[in-house]
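Structure first, then comments.
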Protein chains: 2
Amino acid sequence: MSRESLLPLLAGHVLAHGLGQASLRPLAQAAGTSDRMLLYHFGTKELLIIDLLSHVAGVYAAGLDAVLAEGERPATRTALVARIIAQNAATAMQPFMLLWWEIVAGAARGLPGFLPAAEAMMGELLVWLEGHMPAGDPDPAGGARYLLTVIEGAMMLTAVGHRQTAREGLLAGGLLEA
Amino acid sequence: MSRESLLPLLAGHVLAHGLGQASLRPLAQAAGTSDRMLLYHFGTKELLIIDLLSHVAGVYAAGLDAVLAEGERPATRTALVARIIAQNAATAMQPFMLLWWEIVAGAARGLPGFLPAAEAMMGELLVWLEGHMPAGDPDPAGGARYLLTVIEGAMMLTAVGHRQTAREGLLAGGLLEA
DNA sequence: AAGCGCATGTAGCATTTGCTACATATTGGG
DNA sequence: CCCAATATGTAGCAAATGCTACATGCGCTT
């Protein structure tokens with residue numbers, strides 16, 4: 001079992017149970033090894049988490065590329081927003097969303113490895129958005145950044161029980177069709 | 001030392017060091033008591049955290065009311081956005097911001113007490129915003145929700161190292177003057 | 001003064017946590 | 001075949017964590 005073959009299993013556990021419950025022994029059990037072996041491969045829990053976050057960021061990027069392949073380019077900004085909102089609300093995305101907020105919290109606090117991972121994931125989403133802006137959009141670069149800001153705000157409000165508020169906000173901003 | 005007199009001291013520690021480091025003995029020391037006494041007053045760490053988050057939400061609301069008293073009503077939405085962005089970027093708000101993302105993460109995961117606190121704080125900010133929309137704004141209610149969404153998105157992007165992205169997004173959305 | 005309830009200190013316990021020491025398998029190159 | 005490097009198991013340790021048991025002070029009523 002190499003580092004690389006371990007990471008997906010570790011990521012699975014963290015996605016299922018959160019970073020808060022990510023202590024060595026549970027992680028090891030989820031990956032079918034021992035804490036002893038995790039330290040052997042990664043050196044330190046801190047280094048393991050850093051590798052793990054980096055790996056999660058990579059998986060996220062790959063997932064975006066997969067979604068990028070399918071589906072046609074939306075005709076309007078509102079269609080694009082609706083598509084992403086729906087995508088993020090899908091139950092398959094839920095575990096990732098839960099993990100995401102922990103990553104944001106860690107990044108804000110400056111925990112090692114968190115900020116690079118968070119920055120990378122938002123960067124990926126940004127380029128994805130920019131590549132999916134409606135054809136003929138007057139300002140694809142700025143528009144993508146604008147939509148990213150709005151969408152992430154809506155995601156956050158949704159996470160804290162203000163889904164309705166977010167929805168009304170998007171409506172009032174002309175970013176969602178009634 | 002009653003529950004109520006303890007809470008501000010506990011909140012101080014949590015604001016300074018985060019919820020992750022909030023174990024009973026450090027908390028007790030910050031409040032000038034013992035873990036024994038914390039459990040005596042709150043019954044359980046979980047109950048303590050719930051009380052603590054509720055208290056933090058109350059402090060946040062009071063802080064908003066204080067800011068509400070001073071300052072005149074902005075003339076435009078962009079002025080309002082600029083004011084809040086500046087407010088949140090102030091170093092005095094930094095500890096609260098760090099704590100906020102932990103609360104969001106906890107709320108998303110359904111930890112007891114987190115969601116009510118987060119919901120309350122966003123609710124407070126929403127009414128504050130609604131009360132500070134420019135005079136003559138065509139849609140104060142929807143506009144406040146729209147601005148809330150956008151502002152929180154910008155805050156999140158800022159927290160993960162995408163301050164510039166957020167800024168450009170706000171500019172492209174016409175929510176910030178160049 | 002006696003006794004009763006609230007408050008608080010001391011000590012500990014069982015569990016978890018990250019990590020280490022030491023021994024042992026496994027395996028590929030000479 | 002031998003040996004050295006790689007890989008893995010076993011056992012444990014020191015610290016932290018949430019919580020409990022027991023004793024004791026402190027104040028108030030009767």
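Quick note on labels: first sequence line is chain A, next is B, and so on, each numbered from 1.
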What side-chain donor-acceptor pairs closer than 3.5 Å can you find for residues 49-67 of chain A, not counting sequence neighbours?
none

Pairwise distance CG(A/Asp139) to CZ(A/Arg77) - rounded to 0.5 angstrom
6.5 Å

Measure the CG-CZ distance between B/Leu147 and B/Arg145 for me, rounded to the nearest 0.5 Å.
11.5 Å

Starting from C1' on C/dT8, measure out to CZ on B/Arg3 and report it in whole angstrom.
16 Å

Atom pair distance, as rounded to whole Å: CG in A/Leu38 and P in D/dT8:
11 Å

Whole angstroms only, please: what is the CD-P distance between B/Gln21 and D/dA15?
18 Å

Here the distance between atom P of D/dT6 and atom CE of A/Met37, to the nearest Å, is 13 Å

Would you mind reading off the distance between A/Leu27 atom CG and C/dC19 atom C1', rounded to a whole angstrom?
15 Å

Interatomic distance, A/His162 atom NE2 to B/Leu148 atom CG [nearest 0.5 angstrom]:
7.5 Å

Do the side-chain N or O atoms of B/His41 get closer than 4.0 angstrom to the phosphate oxygens (OP1, OP2) of C/dT8?
yes

Would you mind reading off the distance between B/Tyr40 atom OH and C/dG9 atom P, rounded to a whole angstrom?
12 Å

side-chain N/O B/Ser23 vs D/dA16 OP1/OP2, d < 4.0 Å:
no

Between CD of B/Glu152 and CG of B/Leu157, what distance do you get to the nearest 0.5 Å?
11.5 Å

Interatomic distance, B/Glu119 atom CD to B/Leu126 atom CG [nearest 0.5 angstrom]:
11.5 Å

Check: protein-nucleotides 19-23 of chain D nitrogen or oxygen pairs below 3.5 Å:
{"residue": "D/dC19", "atom": "OP2", "partner": "B/Lys45", "partner atom": "N", "Å": "2.9"}
{"residue": "D/dC19", "atom": "N4", "partner": "B/Asp35", "partner atom": "OD2", "Å": "2.9"}
{"residue": "D/dA21", "atom": "N6", "partner": "B/Arg36", "partner atom": "NE", "Å": "3.3"}

